[in-house]
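These notes are about the structure you will find just below.
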2 protein chains.
Amino acid sequence: MVKVAKDNSTEEKILEAARKIFVHKGMTGARMQEIADAAGINKAMLHYYFRNKEMLFETIFSQAAQKLFPQLNIIFESDLPLFEKIENFVQAYMDVMIENPYLPMFVLTEMHQNPERFYKKMKGEMNFPKPDKFLAQIEKEVKRGTIKRISPLQLLMNIISGTIFPFIAKPMFQMHIGLDELQFRQFITQRKKEYAGFVIDAIRK
Amino acid sequence: MVKVAKDNSTEEKILEAARKIFVHKGMTGARMQEIADAAGINKAMLHYYFRNKEMLFETIFSQAAQKLFPQLNIIFESDLPLFEKIENFVQAYMDVMIENPYLPMFVLTEMHQNPERFYKKMKGEMNFPKPDKFLAQIEKEVKRGTIKRISPLQLLMNIISGTIFPFIAKPMFQMHIGLDELQFRQFITQRKKEYAGFVIDAIRK
DNA sequence: GTCTATAATTTGATAGAC
DNA sequence: GTCTATCAAATTATAGAC
């Protein structure tokens, strides 16, 4: 069991506050003053600990990306049979997002609004999962005739779409359908159980 | 055939430039100077035509939302049989996004970062589609035993996810897989043809 | 390490000539 | 309608006392 270092140190308070503000308003929408207020400290402290807004943001963004991307390795690098792998991925990834519902949108927003920074970041520190193995596995199953003929890339997109998109569309969906927080959680719980089955039904012969 | 009023009037040049900048950088990330430059005019002109940044943004955002949301009525209000309706929706919606690949992310970002403005907007001018009819249709088919047992809401989410998400994840996907622009277009073309079939295969008995 | 006060910069908005 | 020049406000960043 790893100690997660949730001290109430000033640095940790800043990170927590910055996460909250950045994740909701993005880099350009966030205000240093707002972050300081949320942390219950002074604006000057932010600079003392993180030099400037840019660096504070980078820290938060890296942490977010680290939570999301390496998880993709579950689907890409394990040795499970295809159906179990799909099952595993959907459940594991949804668990991450249940704990951090705003992360996907945060990372995607940054990726769109500032692709340069994003790419630079990714090249370095991230052990960026390559899906080749998983795609090859799908191709193999298609050739063996175990599953229906489908493009591996399309299947991968289907799996990821159905897993991530609900968290991105949450506000739209809640407004459209009129779900409250509890109902949305129930919707997600059900989805975690059933979505892999949906995909498998679609490709099973 | 309706005239689309693509004059080269100053107002139209501003709108075009503002669209480009806002859609990529969002409300808070966009700079009035940048928009003026892109329009080939002076910053003061922006205020002359649209009073302030807020109102210019509202104009752009409304146009974007109008392109995306009313389309959902195709799926919700037509009288087609279920499978054809799914087929129709996927193709029609993907056509909209092929023409405007950045719209979905733009609207979603605004929805997340400024939900108040978004909700206010939606209440007024938008003829906001209610999915009740479509959900009831699914429920009916399940009861008749025509399709597998599935929650109507889950099925709706599956259809929408697979249709919209590829455009949102485009940069991530291109980077991960290494697709260039042409390859991505081909991927989308294939998807437009096949995704409805995937969904139908999953629910067909 | 933490604070208050203040500087420096960015940026949205306006005044006024043409 | 369009421009240049300028203002005013917001916001990041720093200096310096404790």
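Heavy-atom basis, side chains included; hydrogens, waters and symmetry copies ignored. Chain naming here is simple, since letters A, B, ... match the order of the sequence lines and numbering starts at 1 in each.
The distance from atom CZ of B:Phe50 to atom P of D:dT2 is 12 Å, rounded to the nearest whole Å. As rounded to whole Å, 9 Å separates atom P of C:dG1 from atom CD of A:Glu11. As rounded to whole Å, 14 Å separates atom C1' of D:dA13 from atom CG of A:Leu56. Between the NZ atom of A:Lys53 and the C1' atom of D:dT14 there is a distance of 17 Å, rounded to whole Å. Atom pair A:Asp37:CG and D:dT11:P shows a separation of 12 Å (rounding to whole Å applied). The interatomic distance linking B:Asn52 (CG) with C:dA13 (C1') rounds to 9 Å, in whole Å. To the nearest angstrom, P of D:dT11 lies 10 Å from CD of A:Glu34. In this structure, the CE atom of B:Met55 is 13 Å from the C1' atom of C:dA13, given to the nearest Å.
Side-chain atoms of B:Lys53 come within 3.5 Å of backbone N or O of B:Met27 as a donor-acceptor pair.
Nearest to the side chain of A:Tyr48, among C:dG1, C:dG12, D:dG1, sits C:dG1. Checked against C:dT2, C:dG12, D:dA13, the side chain of B:His47 finds its nearest nucleotide in C:dG12.
The residue A:Ala30 sits close only to the backbone: its heavy atoms come under 4.0 Å of sugar-phosphate atoms, none of a base. At the heavy-atom level, A:Tyr49 lies under 4.0 Å from the strands shown only through sugar-phosphate atoms.
In this structure, A:Met94 and A:Tyr195 have side chains that are not in contact, with every pair of non-hydrogen atoms separated by 4.5 Å or more. A heavy-atom distance below 4.5 Å is found between the side chains of A:Met105 and B:Thr109.
Of the residues B:Lys20, B:Lys43, B:Lys25, the one that meets the salt bridge (Lys or Arg N to Asp or Glu O under 4.0 Å) test with B:Glu34 is B:Lys25.
Of all non-hydrogen atoms in A:Lys85 and A:Leu80, the two that sit nearest each other are CE-O, 3.5 Å.
No hydrogens or angles considered: a donor-acceptor pair under 3.5 Å links the side chains of B:Thr28 and A:Thr28. In summary, the side chains of A:Glu194 and B:Gln154 do not present any donor paired with an acceptor at a separation below 3.5 Å, with no hydrogens or angles considered.
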### Query
What string of B, S and - do you get for nucleotides 3-10 of chain C 5' to 3' if you count protein non-hydrogen atoms under 4.0 Å?
BB------
